[in-house]
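Owing to the predicted nature of the structure, the values given are computational and were not obtained by experimental measurement. Proteins come first, then strands; the chains are lettered A, B, ... in the order of their sequence lines, and each starts at number 1. Side-chain atoms are counted along with the backbone in the values below, which use heavy atoms only and exclude waters and symmetry mates.
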2 protein chains.
Amino acid sequence: MGSLPRIGLDRSSPVPLYFQVAEQLERAIVDGALVPGDRIEAEIELAGSLGLSRPTLRQAIQVLVDKGMLVRKRGVGTQVVGAKIRRPFELTSLHDDLARTGQPAGTEVLSCAVVEADDEVGHELQVPPGSPVWSLERLRSVRDEPFALMRNYLPVDVVDLRGADLTALGLYELLRHGGVHLRVANQRIGARRAEAREARLLAERRGAPLVTMTRTAFDDAGRAVEHGDHLYRADRYTVELTLVDR
Amino acid sequence: MGSLPRIGLDRSSPVPLYFQVAEQLERAIVDGALVPGDRIEAEIELAGSLGLSRPTLRQAIQVLVDKGMLVRKRGVGTQVVGAKIRRPFELTSLHDDLARTGQPAGTEVLSCAVVEADDEVGHELQVPPGSPVWSLERLRSVRDEPFALMRNYLPVDVVDLRGADLTALGLYELLRHGGVHLRVANQRIGARRAEAREARLLAERRGAPLVTMTRTAFDDAGRAVEHGDHLYRADRYTVELTLVDR
DNA sequence: AACGTCAATATGTCAGGACAAATGCTTGAC
DNA sequence: GTCAAGCATTTGTCCTGACATATTGACGTT
C-alpha cells in the first residue's frame, strides 16, 4: 500500500495545471510510490487540497486513464492498474526508441534520392503515380549487428532531405524539426521469409523469418507525410504495445 | 467538400449527449458526408445550434480526436483527418474480429483443462507458480484453412470454462458475459519459424514464417485475467492498427 | 512592395455548481 | 440469521462563465 507524495503546482508555468498533476501522478506510479490496487483520494477532496477545481483535476486523471495506468469506478474511486504499462506504442520512429533506451544505434544510409512514385506509393501518399517522392533506404544496427532494413517514401514538398544527416537524427525527429506534426499512423505488422538481398544486408540466412511493418503517417492537417516499408530480424526485434479499452 | 448532416439529440435517452453527438459525427465521416479536410463548425456555434454547452460538445469532439478521425488546431478550427482510419486496434479477440467481417470462422478446441502454472504463466497472471490455471488451445480456420493456433491461460477464479462452448463464443466474449471487464492489455508481436507440430496443425511446411503474438490482459480492477501465446500463418494474417499521437 | 501591427476567430485552460447513477456499507424488518 | 431497503460515497454528466493563446488575414507604415 503506497501513498501519494505531495503534488506541487506552478501557476506561473506555461505548462497546464492538469498536465502538471498528471505528470506527477504518473511519476508516483512509475516510481512505485503508488502500487497497483492503491486508491487515489476522491476527486473533489484531491482537487480541494491542491486548490484546483474538480474539472481540472478530473482532466489530469483522465490523461492517466487514457494511458491505462488508472481506472475509475463510479461509487468506488480511482485505482492504480495492476499491469505494468510498457511505454505505449507512440508515434515515434525507431531512432527515437533506441535513443531512449541508451542503445548506441548505428545507421547506414543505403540510398537517398528523388524517384517517381509507383502506384502503391502514390496511393499511400495521396499523390498521383509518377510524382516525385523521396526514396530512402537505411540499415539500422546495434553493436554492429544489423537488425532493421527500412525503406521510406516522402512527398518532396514535405521535407528536403538534401544535406540532412540521417545518421544523427531519426526520420521522425527530422520531420518534427521541419515543422511537421505527426498525428495519426496506420500500421500493418506481419512476417515473411528473407529474400536474398535482404538476408545479405541483415546478415541472415536466406529464408529466415522477418518481421514486416508497413506504416503510413499523417500530419495534423491530415496530409500523408510518410510511407514506410520495414523489415526486422525476428530474433532481434519485436513490437510491443499496450492497448487500452475505454 | 461535404457538409455535416443535421444532428438529432434525445435528452430522454440514457446515452450521454456527448456520446450521441460523437456517434453521429463519426457516422458522417465514415459515410463520407464529411470528407477529409472538411472543417467542422466552431465549437461555440455548433454547441449553440444543438442547444448544448461548449464543454459537452467539446467532449464529443474529443472522442473523435482520440480516435484519430478529427484534428483540432487552435485559432483554426477542427478538421476531418485525411487518413482512412482502419478499425482501431481494440481490445477484442480474434473471434470478435472475424465475426465482424462476416467471415465464417471455424474453431477447433484442441485442449481445455486445468493445469499448474509454470513460472512464466504464473508471473504473467500474477499468481504463484504451481497455481491451478485453465489452459486452452484452439485452432482457428476460415473456409477450412487453418491460420491461427492459440494457447491461452486464465486463473481458475476468473472464469469457469467447464461446459463453455468456445466454438460459438470467442474467449473475450465469454469473459464479458462472465462479468469481466477488460481494460488494458500488453502485447508483443514478432515472428519465428514453425516447429513440426505447429506446422502440421497449421497445414504449413516446417520452418515456414509465423507471426507470433503474446498478450496479457487486465480487467478494470487491475487483475491479470488472461495470458495468450498465439501463432498465425504469416501468409494469411497481419496485425493492423492505427496509432494516434495526442 | 515589403514588413510589422492589430483585430477577429477558434481552440485551450480553468473555475464553480448542480444533479444523476452506480457502488458498498449500514440498518432494519422478518 | 438472512435479506432487503436506505444512506453515504464517488464518479459521470452537464451547465454557465471567463480568460489565455495560437492562427490568420486585414490594415497601416515604412
Peer 1: I need the CD-C1' distance between E41(A) and dT9(D), as an integer number of Å.
Peer 2: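 It is 14 Å, rounded to the nearest whole Å.
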Peer 1: Which part of the nucleic acid does P14(B) contact within heavy-atom distance under 4.0 Å: base, sugar-phosphate only, or nothing?
Peer 2: nothing
Peer 1: Nearest to the side chain of R74(B), heavy atoms from C-beta on, is which of dC15(D), dT21(D), dT11(D)?
Peer 2: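 Among the listed nucleotides, the one closest to the side chain of R74(B) is dT21(D).
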Peer 1: Starting at atom CG of L57(B), determine the distance to atom P of dC14(D), rounded to an integer number of angstrom.
Peer 2: 11 Å
Peer 1: Do H230(B) and N152(B) come within less than 4.5 Å of each other through their side chains, counting heavy atoms only?
Peer 2: yes
Peer 1: Rounded to the nearest angstrom, tell me the gap between atom CD1 in I44(A) and atom P in dG17(C).
Peer 2: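 So the two atoms are 11 Å apart, to the nearest Å.
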Peer 1: When the distance from CG of L50(B) to C1' of dC15(D) is rounded to whole Å, what number comes out?
Peer 2: 15 Å
Peer 1: Given that I40(B) and P55(B) both sit by DNA chain C, which one's nearest nucleotide is further toward the 5' end?
Peer 2: I40(B)
Peer 1: I'd like to know if R54(B) reaches the base of dG12(C) with its side chain such that a donor and an acceptor end up less than 3.5 angstrom apart.
Peer 2: yes
Peer 1: The side chain of P16(B) is closest to which nucleotide in this list: dT13(D), dG12(D), dA10(C)?
Peer 2: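 Of all the options, the side chain of P16(B) is nearest to dT13(D).
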Peer 1: If you only use heavy atoms from C-beta on, which nucleotide in dG12(D), dC15(D), dC14(C) is closest to the side chain of L52(B)?
Peer 2: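 Side chain of L52(B) sits closest to dC15(D).
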Peer 1: What's the closest nucleotide to the side chain of L17(A) if the choices are dG12(D), dA15(C), dG12(C)?
Peer 2: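 Looking only at side-chain atoms, L17(A) lies closest to dA15(C).
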Peer 1: Does a side-chain heavy-atom distance below 4.5 Å link V133(A) with L154(A)?
Peer 2: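 The answer is no; the side chains never approach within 4.5 Å.
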Peer 1: If we only count heavy atoms from C-beta on, is the I40(B) to L34(B) side-chain gap below 4.5 Å?
Peer 2: yes
Peer 1: So, is T78(B) near the phosphate of dT11(C), with a side-chain N or O under 4.0 Å from OP1 or OP2?
Peer 2: yes
Peer 1: Would you check if there is a donor-acceptor pair between the side chains of T107(A) and R140(A) at a distance under 3.5 Å?
Peer 2: yes
Peer 1: State which of dG12(C), dT10(D), dG12(D) makes the closest approach to the side chain of E43(B).
Peer 2: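 The answer is dG12(C).
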Peer 1: Please determine whether a side-chain nitrogen or oxygen atom of T56(A) lies at a distance below 4.0 Å from atom OP1 or OP2 of dA15(C).
Peer 2: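 For dA15(C), OP1 or OP2 has a side-chain N or O of T56(A) closer than 4.0 Å.
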Peer 1: To the nearest angstrom, how far is E45(A) atom CD from dA8(D) atom P?
Peer 2: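 It works out to 16 Å between those atoms.
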Peer 1: Given the rule in the side-chain contact (heavy atoms from CB on, under 4.5 Å) test, do D10(A) and V15(A) qualify, once you have shown the distances and angles that lead to the verdict?
Peer 2: CA-CA 8 Å; D10(A) 177 6; V15(A) 178; over 6 Å; no
Peer 1: Between atom CD in Q62(B) and atom P in dC14(D), what is the gap in whole Å?
Peer 2: 15 Å
Peer 1: Could you tell me the separation between the CZ atom of R58(A) and the C1' atom of dG12(C), rounded to a whole number of Å?
Peer 2: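 Result: 19 Å.
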Peer 1: Please classify the nucleic acid contact of G48(A) as base, sugar-phosphate, or nothing, using heavy-atom distances under 4.0 Å.
Peer 2: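 Nothing: the residue G48(A), judged by heavy atoms under 4.0 Å, touches no strand.
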Peer 1: Of the options dG12(C), dT23(C), dT10(D), whose atoms approach the side-chain atoms of A42(A) most closely?
Peer 2: dT10(D)
Peer 1: May I ask you to test the I61(A)-L70(A) pair for a side-chain heavy-atom distance under 4.5 Å?
Peer 2: yes
Peer 1: Give the rounded distance in Å between these two atoms: CZ of R72(B) and C1' of dT21(D).
Peer 2: 15 Å
Peer 1: Among dT11(C), dT23(D), dT10(D), find the nucleotide with the atom closest to the side chain of R39(A).
Peer 2: dT10(D)
Peer 1: Measuring to OP1 and OP2 of dC15(D), would you say a side-chain N or O of R11(B) lies under 4.0 angstrom away?
Peer 2: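 For dC15(D), OP1/OP2 do have a side-chain N/O of R11(B) under 4.0 Å.
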Peer 1: Are OP1 or OP2 of dT13(D) and a side-chain N or O of Y18(B) less than 4.0 angstrom apart?
Peer 2: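 Affirmative; the distance criterion is met.
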